[in-house]
There are 2 protein chains.
Amino acid sequence: MSATIRDVARQAGVSIATVSRVMREHDNVSPGTRDRVNAAVADLSFTPSSLGRSLAERRHAANGIVFPDLSGPYYAEVVLGYESVAAELGRSVLILSTHGRAAGPAMVEEMAGRCDGLVIMGQTVPDTVVERLARRVPVVLLARPQIGTVDSVKADNVDSAKSLIEHVIASGDRQIILIGDPDLSPDVAERWAGFEKVAAAHPEVHLEQRHPGLFGERAGTNTVREAIRSGLPDAFVCANDEMALGVLSELRAHDIDVPGQVRVTGWDDIMAAKYAGLTTVRQPMRDLGGTAARLLDEIITGSRNHPRHEVLPTELVVRTSSGLSRKDMR
Amino acid sequence: MSATIRDVARQAGVSIATVSRVMREHDNVSPGTRDRVNAAVADLSFTPSSLGRSLAERRHAANGIVFPDLSGPYYAEVVLGYESVAAELGRSVLILSTHGRAAGPAMVEEMAGRCDGLVIMGQTVPDTVVERLARRVPVVLLARPQIGTVDSVKADNVDSAKSLIEHVIASGDRQIILIGDPDLSPDVAERWAGFEKVAAAHPEVHLEQRHPGLFGERAGTNTVREAIRSGLPDAFVCANDEMALGVLSELRAHDIDVPGQVRVTGWDDIMAAKYAGLTTVRQPMRDLGGTAARLLDEIITGSRNHPRHEVLPTELVVRTSSGLSRKDMR
DNA sequence: TTGAAAGCGCTAACAG
DNA sequence: CTGTTAGCGCTTTCAA
């Protein structure tokens, strides 16, 4: 067992209150006493128990982030952006992936008890749970629509959705398949809405939604297989890059030329997008996490008391050639 | 302030011990009492303080993972694999990126005080710090050479390094540039050693190391620029996929054909590798994290007391065509 | 400048 | 089956 404040006090011949003062760097301690305490601290290699300290101070000096699933670069980047800023602000970082588990809400509640505030990402828990949590601790919503006056951060979906679909339409595409499930992601719902709005002004354009129920490469490959039977569209517009990559890879497997026969777009601009020559919308993933961390800190420290809702800009990235090879897509 | 165990006890007309029993699901509580307590719990929406509980139980029910830097898919995948298993084992997960900060060791020590054990990845802190930490709490080393009897998990580097270099040599390459800094990563050091061993049996082959000092795409592009001046090799063998992608992209920018004029290989098999047609070595990134989580849990729960050192297999992935487009590599 | 003492919220003997 | 009580390790008045 490691040394406690009492061991140090005994060895230095002072009271625990004095040891506490020295550890907290209160200046009302005489230099001589301070030195003796520090010597004892070093000798016993004493580290204050964060548990004891937190209990007495009634704060954790930690905060958490909850995200739905861990697969794919998008969540990873966001979480890492969050960690980076939170660590800078001197707070430990707890992470939790609900992963569609039924126990998700319970796990989040548990986590809420371990930190001074938390960031809730996307569709991890129902609104009712968010509301309950927000009553207990400061909460920031990330990539999720506003709930009451809870702070939120998100990337712009609508403007870029419009730019993207306008680009696709301007390229001459009329039959367009949208791949992605709006029910599983508020971001996707907004993007689809942006598309529909633009399409409404183009009667010759037809958008058709496909909801594969997942967001990985497989969602793309599956959809292409179906489309090959029912008839290829002019373009596959995907809710994220991974699906788009799946689409590309399946099209290649069938010797269908991109963008000659059909166009493909993604969303996020993950690293692979560049190498696949994928047209997409760049999201500031790191910044999303970092901004959430900062907003949360502001609430926790009380440096701000009116709610904020940040919308970070996105950018259409048009790439003209596909870099996919048709072989060796294992 | 939220309700405490005393509030519940008062409202239910019982002692705090009884409330504790109900919460812990001890069965020596009469049904009637249990119901009254549960009613009070619900009424006050009482959640036991994890702090109080941890202090009394002398355990955190949390463990941590430390990694060097967050950039790139490799660390992200490992961390996520770790989270997944740790959560399954009912432990909260703390993450910390030392990020080359001078305060790194102090931050890790701080974190050690918040959890029941931790995983230390790669070159995050010096050996002396690891030894001190290991004396305080259970530790598992991840992708880092053994230190004393501390548990460790790593991917096989040597065997795959041999397969890879043999593949390159068999393809006819003689002048080979290795890109990556062995001092910054134990994994890289092992891979380079594996290469050298094989090369020793091939006097006609010449390996030349380049240490760019970082591990991102830029490391690759920079090295190619230098090599173009000093003379192109037959192959660039890179310590990870990101560097290799940087190499590919810079070669393309100079209209140098891959693999016609020069061959490029990576390591890790990140998602982009497939779409860039990159030959590489697949590492079980998720599994590395997951295995570390399991080993750590075994030590913490005391279900094992002799040290273990796991080496997970890797796999050479040969891809024959590059999918890189020469345009639009923004 | 220092110490005594009362918590922070909970668990776990030990008694009854 | 239930209550009393003594901690877990620290911070922080309040006195001295």
Side-chain angles (χ1 to χ4, degrees), chain A residues 1-41 44-62 92 109-110 112-116 136-137, chain B residues 1-41 44-62 92 109-110 112-116 136-137:
Chain A
M1 214 42 222
S2 61
T4 77
I5 198 173
R6 253 168 272 271
D7 301 324
V8 176
R10 192 176 317 121
Q11 169 142 352
V14 299
S15 75
I16 61 170
T18 299
V19 176
S20 177
R21 288 188 191 107
V22 172
M23 298 308 292
R24 312 299 313 272
E25 302 186 335
H26 273 251
D27 38 342
N28 40 350
V29 178
S30 79
T33 311
R34 186 201 322 285
D35 289 348
R36 263 185 304 139
V37 170
N38 279 328
V41 166
L44 299 169
S45 65
F46 167 68
T47 318
S49 148
S50 69
L51 240 34
R53 183 171 274 187
S54 290
L55 190 56
E57 286 180 330
R58 306 151 133 278
R59 61 171 235 138
H60 299 265
S92 292
E109 297 265 9
E110 211 277 330
R114 293 174 167 272
C115 45
D116 303 319
R136 271 222 283 165
V137 296
Chain B
M1 215 42 221
S2 60
T4 78
I5 197 173
R6 253 170 272 271
D7 301 326
V8 177
R10 192 176 317 121
Q11 170 141 354
V14 298
S15 75
I16 61 169
T18 298
V19 177
S20 178
R21 286 189 192 106
V22 172
M23 296 310 289
R24 312 299 312 276
E25 302 187 337
H26 273 252
D27 38 341
N28 39 352
V29 178
S30 78
T33 312
R34 186 201 322 285
D35 289 349
R36 263 184 305 139
V37 170
N38 279 328
V41 165
L44 300 168
S45 65
F46 167 69
T47 317
S49 149
S50 70
L51 241 33
R53 183 172 274 187
S54 289
L55 190 57
E57 286 180 332
R58 305 151 133 279
R59 62 171 235 138
H60 299 265
S92 292
E109 298 264 10
E110 210 277 329
R114 293 174 167 273
C115 45
D116 303 318
R136 271 220 284 165
V137 295

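Throughout, a chain's letter reflects where its sequence line sits, starting with A, and its residues are numbered from 1.
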How many Å lie between [atom1] on [X] and [atom2] on [N], as a whole number?
X	N	atom1	atom2	value
A/I5	D/dG7	CD1	P	18 Å
B/R10	D/dT4	CZ	P	14 Å
B/N28	C/dA15	CG	C1'	14 Å
A/E25	D/dT12	CD	P	14 Å
A/L55	C/dC10	CG	P	9 Å
B/L51	C/dG7	CG	P	19 Å
B/R59	D/dG9	CZ	C1'	18 Å
A/M23	D/dC10	CE	C1'	11 Å

Any donor-acceptor N/O pair, A/R136 side chain to B/S2 backbone, under 3.5 Å: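 Not confirmed, A/R136 side chain does not pair with B/S2 backbone.
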Expected output: side-chain A/H60 to main-chain A/R114 donor-acceptor under 3.5 Å: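 Yes; at least one donor-acceptor contact below 3.5 Å.
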Evaluate side-chain contact (heavy atoms from CB on, under 4.5 Å) for A/R36 paired with A/T33, printing each intermediate quantity in order. CA-CA 5 Å; A/R36 263 185 304 139; A/T33 311; 3.8 Å; yes
Where the side chain of [X] is concerned, which of [options] is the nearest nucleotide?
X	options	value
B/E57	C/dT11, C/dT1, C/dC8	C/dT11
B/A56	C/dC8, D/dT4, D/dG7	D/dG7
A/A17	D/dC10, D/dT12, C/dG9	D/dT12
B/T33	D/dT2, C/dG9, C/dT2	D/dT2

Would you please confirm or rule out a distance under 4.0 Å between OP1 or OP2 of [N] and any side-chain N or O of [X]?
X	N	result
B/S20	C/dA12	no
A/T18	C/dT2	no
A/R53	D/dT11	yes
A/R58	D/dT11	no
B/R24	C/dC10	no

Pick out which of B/T4, B/N38, B/I5, B/D7 makes a side chain to side chain contact (heavy atoms under 4.5 Å, CB included) with B/V19.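 Going through the options one by one, the only one that passes is B/I5.
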Given that B/R21 and B/R6 both sit by DNA chain C, which one's nearest nucleotide is further toward the 5' end?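 Closer to the 5' end of DNA chain C: B/R6.
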Could you go through the side-chain contact (heavy atoms from CB on, under 4.5 Å) check for A/V37 and A/R21 one step at a time? CA-CA 10 Å; A/V37 170; A/R21 288 188 191 107; over 6 Å; no
Give A/V19 one of three labels, base, sugar-phosphate or nothing, depending on what nucleic acid heavy atoms sit under 4.0 Å from its own.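 Contact class for A/V19: none.
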Describe the nucleic acid contact of A/T4 in one word from base, sugar-phosphate, nothing, applying a heavy-atom distance below 4.0 Å.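 Since only primed, P, OP1 and OP2 atoms lie under 4.0 Å of A/T4, the category is sugar-phosphate.
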Between CZ of B/R53 and OG of B/S20, what distance do you get to the nearest 0.5 Å?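 Between atom CZ of B/R53 and atom OG of B/S20 there are 7.0 Å.
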When the nearest nucleotide of DNA chain D is assigned to B/V29 and to B/I16 on a heavy-atom basis, which residue is associated with the more 5' position?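 Looking at DNA chain D, the more 5' nearest nucleotide goes with B/V29.
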Assign each of B/V14 and B/G52 to its nearest nucleotide of DNA chain D by heavy atoms, then name whichever residue's nucleotide is nearer the 5' end.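 Final value for this comparison: B/V14.
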